[in-house]
Amino acid sequence: MKFAYNFSEVPNEAYALAGGKGTSLAILYKAGLEIPSGFVILSNAFENNSLKPEAKAEIEEHISNLPDCKFAVRSSALSEDSDKTSFAGEFESVLNVSKGDIYSSIDTVAASVKSERVNEYSKFHGVQGEHKTAVVVQVMIKAEMAGVLFTADPITGSHVNMTGNFVFGPGEQLVSGEKNAYSYTISKLKRKYNGDKSIAAYTKALYKAALKAEEIFGCKLDIEWVIQGKKLNIVQARPITTLQTIDYDNYEINQSIDTDALWSCNNVGEAVPDVMSPFTWSLLHEMDME
């Protein structure tokens, strides 16, 4: 297997080595969504968080084919952007990178798997073992506006509205809290937009992209987007990790987190009058899902 692929060329068997972000971008790119062009360096290109010498020639070819502009060099750890842990903002990203600095930026990103914040996040979420990472290199979009869109409410789990925030300028100002963000919603039923009129012209494209991404990944998503020159680009899509209906630490179950319905035990109370064990519930849940 190769060490690096353009987004349009990543084969299915390489997804396991492309990490959460690299895999997501490749899938979205091949599905026809607007994604900033670039390539992903697979985790097999690294040893002890450094590029293998035999991988550099292949990566150099990809770099030589890039346009003369600035780039974003971003982490795509194998544990990142999963349906259980996002590791959002924990691994390093290097922005506005010139061609001559891509290699040093790759080293910076790869070394971040050993950072204290990654270690603490891993402990908190019970993630064990050493992190392996892939690295994404993309054309840097000079954003006029940037934001996030949750295809379900990440707090209540409601599917009625998509909800999000945006800022004028690059997205890192939203992540860091450097600028106050504008909130907005898009009704899933009527596609009605409610928010600052500055992005109203782009909400139809954003709505369509979000639905297509949901269909591709089969789950509710946290989507990052940017606008440059009246063009909408998707720069990331990952599962919303707060919508898990069962907490496997204590086996508390709350179906209302991921649906617009309240849990009722009436029928279950008749069929299973005693305390239901997690194993019994898991069997009934699977039978009900069929």
Side-chain angles (χ1 to χ4, degrees), residues 1-7 9-27 35-66 70-140 171-172 175-176 224 235-239 241:
M1 186 178 292
K2 295 167 63 175
F3 295 111
Y5 292 92
N6 290 328
F7 294 139
E9 299 173 342
V10 183
N12 292 355
E13 60 268 23
Y15 287 160
L17 301 177
K21 191 180 287 97
T23 297
S24 172
L25 289 169
I27 291 172
I35 309 294
S37 60
F39 65 96
V40 57
I41 304 169
L42 304 182
S43 61
N44 64 343
F46 297 92
E47 188 172 11
N48 297 323
N49 304 317
S50 296
L51 280 174
K52 297 176 181 177
E54 58 267 35
K56 288 189 175 181
E58 194 173 314
I59 294 166
E60 184 61 42
E61 182 179 350
H62 282 279
I63 293 175
S64 66
N65 291 327
L66 292 172
K70 296 293 185 179
F71 303 93
V73 181
R74 309 166 72 195
S75 67
S76 184
L78 305 195
S79 52
E80 191 175 0
D81 295 344
S82 72
D83 57 355
K84 294 181 180 178
T85 54
S86 70
F87 280 90
E90 303 302 319
F91 298 99
E92 199 66 61
S93 291
V94 187
L95 307 178
N96 293 306
V97 177
S98 63
K99 267 192 177 184
D101 293 327
I102 288 179
Y103 275 121
S104 62
S105 299
I106 291 170
D107 291 339
T108 298
V109 171
S112 69
V113 301
K114 295 285 189 180
S115 70
E116 183 178 351
R117 66 174 182 258
V118 169
N119 185 49
E120 291 301 317
Y121 185 96
S122 301
K123 286 181 181 178
F124 182 81
H125 289 278
V127 179
Q128 299 180 343
E130 184 177 348
H131 291 283
K132 293 184 178 181
T133 192
V135 174
V136 166
V137 179
Q138 280 182 287
V139 170
M140 184 77 191
E172 55 265 28
V175 176
S176 66
E224 295 181 17
V235 294
Q236 190 163 327
R238 57 187 170 219
T241 58

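Here the side chains of K21 and R238 are not in contact, with every heavy-atom distance at 4.5 Å or above. The shortest side-chain heavy-atom distance between I35 and Q138 falls under the 4.5 Å cut-off. Under the 4.5 Å side-chain criterion, counting only non-hydrogen atoms from C-beta, V73 is not in contact with T108. In this structure, the side chains of L42 and K2 stay at 4.5 Å or more apart for every pair of heavy atoms.
In this structure a side-chain-to-backbone donor-acceptor pair under 3.5 Å is missing from K132 to F46. Using modelled atom types, no side-chain atom of E92 and backbone atom of A111 make a donor-acceptor pair closer than 3.5 Å. For the pair K70 (side chain) and L95 (backbone), a donor-acceptor distance under 3.5 Å is absent. S24 places a side-chain N or O within donor-acceptor distance of the main-chain N or O of A237, the cut-off being under 3.5 Å.
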Criterion side chain to side chain contact (heavy atoms under 4.5 Å, CB included) on L17 and M1, from CA distance to verdict:
CA-CA 10 Å; L17 301 177; M1 186 178 292; 3.6 Å; yes

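Summarising the local packing, CD of E61 is surrounded by 12 or fewer heavy atoms from other residues, nucleotides or ligands at distances under 6.0 Å.
Note that CZ of R74 and CD1 of I106 are 14.5 Å apart. Values are rounded to the nearest 0.5 Å.
For the side chain to side chain donor-acceptor pair (under 3.5 Å) test, residues two or more places apart in sequence or in another chain that qualify with S98 are D101. Remark: F3 engages no residue in a ring-ring contact (aromatic ring centres under 6.0 Å, His included) (not counting sequence neighbours).
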